[in-house]
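One structure is given here, and the rest of the page talks about it.
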Amino acid sequence: MPTALITGANRGLGLETARQLAARGWKVVLACRDAARGADAAREISGAEARVLDVGKPASAVALAAALEADDVFLDALVNNAAISVRGFDARVAEKTVAVNLLGTLAVTGALAPRLVDGGAIVMVSSAMGELSVLRDPARGHVARATTVREVEQLAVAFVAAVSGGRHRPEGWPDNAYSVSKALLNAATRALATELAPRRIRVNAVCPGWVRTDLGGAHAPRDVQTGGASIVAAVLEPRATGGFFRDGKAIEF
Ligand code: NAP
């Protein structure tokens, strides 16, 4: 039975992805920041287990990796789903957003990569709001050309510093920290695909579409089942790596 670990799986698209993978015969590990909410979610899915993970705290990812190692758990798929969308825009919002959506997600990926089997999959739940077209030069060029995770992390730090210093617009960054975090996540996806190719680990980004969840709001056109199916298709994608998908079809970065 293949095993998938899904971050932010106690509600919304993460929970739905876990439900759909379990229905296909996967064992699912729900990685949630609140133990009680995670346990409640796991109870409704046959064979599911909950583990504690706060994506905003790198030490939490290290502790989860150690717990999985102690329990001899190997993963066939890691679904980096947890993310935040914070109202407003200032340096604090920028820092908080990239800390979870980008730097935290990369810390989780780095900590859990040794638990992934060779030939496994990493799926980054991204968004059309992170398409490269949301950026202007010079930021756009820097993001498009980044080839290592370290470079992407440095761009995230540069974005927060630019917002803090009031220079983000001339540097080509939009007034939207969520968009920037997802554009950088897409760049990190491409870099990780190259870095993990020797282990045949496929790393892809996926857009679930605009979905009715707490994050997407009540007026989104898609239901959670359709959005979850888009994520599951990326988990099951058999060959591609370093790509961006929606509903099982490759889309432009
Ligand atoms: P959601 O309903 O707000 O759920 C977000 C999940 O992430 C919750 O389980 C939340 O846990 C968890 N989370 C947030 N911060 C966390 C942290 N520091 N550590 C661990 N878990 C954390 O959002 P959603 O709509 O399902 O979104 C899921 C993914 O899809 C996100 O990556 C989002 O960017 C992406 N996406 C969504 C849409 C959309 O229209 N909904 C569109 C494009 C992309 P708590 O319950 O503890 O807060």
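Keep in mind it's a predicted model, so treat the numbers as computed, not measured. Just follow the structure's listing: the first ligand is 1, and inside any ligand the first atom is 1.
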State whether the shortest distance between N or O atoms of Tyr178 and N or O atoms of ligand 1 falls below 3.5 angstrom. yes
Between Asp54 and ligand 1, is there a nitrogen or oxygen pair with a distance under 3.5 Å? yes
Please determine if Arg19 and Glu44 form a salt bridge, counting it only when a charged side-chain N lies under 4.0 Å from a carboxylate O. yes
Ranked by distance from atom 12 (C) of ligand 1, the top protein heavy atom is Gly8 CA, 3.6 Å
Atom 35 (C) of ligand 1: the protein heavy-atom neighbour that sits closest, reported with distance to 0.1 Å: Val125 CG1, 3.7 Å
Within a distance under 4.0 Å of any heavy atom of Gly12, pick out the atoms of ligand 1 and give their elements. 2 (O), 26 (O)
Atom 1 (P) of ligand 1: closest protein heavy atom, distance to 0.1 Å, is Arg11 NH1, 3.5 Å
Cys32 vs Arg37 side-chain heavy atoms within contact, under 4.5 Å: no
With a sphere of 6.0 Å drawn around CZ of Arg24, does it hold more than 12 non-hydrogen atoms of other residues, nucleotides or ligands? no
Evaluate Cys32 for polar contact with ligand 1, using N/O atom pairs at a separation under 3.5 Å. no
Is Arg200 salt-bridged to Asp118, cutoff N-O under 4.0 Å? no
In terms of its nearest heavy atom to atom 37 (C) of ligand 1, the top option of Asn101, Val211, Val108, Leu13 is Leu13
Does Thr213 reach ligand 1 with a nitrogen or oxygen that is under 3.5 Å from one of the ligand's nitrogen or oxygen atoms? yes
Nearest atoms (heavy-atom pairs only) where Ser181 meets Thr97: OG-CG2, 3.9 Å
Looking only at non-hydrogen atoms, the one of Gly209, Gly14, Gly38, Ser127 nearest atom 38 (C) of ligand 1 is Gly209
Would you mind finding which of Asn81, Leu215, Asp214 brings a heavy atom closest to atom 32 (O) of ligand 1? Asn81
Please write down residue, atom name and distance for the protein heavy atom closest to atom 44 (C) of ligand 1. Ser126 O, 3.1 Å
Can you confirm whether more than 12 heavy atoms, excluding those of Arg199, are under 6.0 Å from its CZ atom? yes
Provide the number and element of each atom of ligand 1 under 4.0 Å from a heavy atom of Ile84. 14 (C), 15 (N)
Residue and atom name of the nearest protein heavy atom (relative to atom 5 (C) of ligand 1), distance in Å to one decimal: Ala83 O, 4.0 Å
With the threshold set at 4.0 Å, does a side-chain nitrogen-carboxylate oxygen contact exist between Arg140 and Asp137? no
Any salt bridge linking Arg51 with Asp71? Criterion: basic side-chain nitrogen under 4.0 Å from a carboxylate oxygen. yes
Location of contacts on Lys182 toward ligand 1, heavy atoms closer than 4.0 Å: side chain
For Gly56, the atoms of ligand 1 under 4.0 Å from one of its heavy atoms are 18 (N)
Looking only at non-hydrogen atoms, the one of Leu185, Thr7, Asn10 nearest atom 9 (O) of ligand 1 is Asn10
Should Ala128 be listed as contacting ligand 1, given a heavy-atom distance under 4.0 Å as the test? no
Say whether Pro208 and ligand 1 are in contact under the criterion: heavy-atom distance to a ligand atom below 4.0 Å. yes
If every non-hydrogen atom of Leu116 is compared with every non-hydrogen atom of Ala121, which pair is closest and at what distance? CD2-O, 3.9 Å
Could Arg92 and Glu95 be called an ion pair, given the rule that one side-chain N must be under 4.0 Å from one carboxylate O? no
Heavy-atom proximity to atom 48 (O) of ligand 1, best of Met129, Glu16, Arg33: Arg33
Compute the shortest N/O to N/O distance between Cys207 and ligand 1 and return yes if it is under 3.5 Å, no if not. no
For atom 19 (N) of ligand 1, which protein heavy atom lies nearest, and how many Å away is it? Val55 N, 2.9 Å
Do Ser60 and Asp54 have side-chain N/O donor and acceptor atoms under 3.5 Å apart? no
Close-contact set for ligand 1 against Gly216 heavy atoms, below 4.0 Å: 39 (C), 40 (O), 41 (N)
Atoms in ligand 1 flagged as close to Leu53, the criterion being non-hydrogen separation under 4.0 Å: 19 (N), 20 (C)
Salt bridge or not for Lys27 and Glu49, using N-O below 4.0 Å? yes
Any Lys/Arg nitrogen of Lys96 or Asp90 sitting under 4.0 Å from an Asp/Glu carboxylate oxygen of the other? no
For Trp210, counting its heavy atoms only, list the atoms of ligand 1 lying under 4.0 Å from any of them. 40 (O)
Nearest to atom 13 (N) of ligand 1, what protein heavy atom do you find, and at what distance? Ala82 CB, 3.8 Å
CD of Glu195: more than 12 outside heavy atoms within 6.0 angstrom? yes
Look at the rings of Phe159 and Phe89 and say which category their plane angle falls in: under 30° parallel, 30 to 60° tilted, over 60° perpendicular. tilted
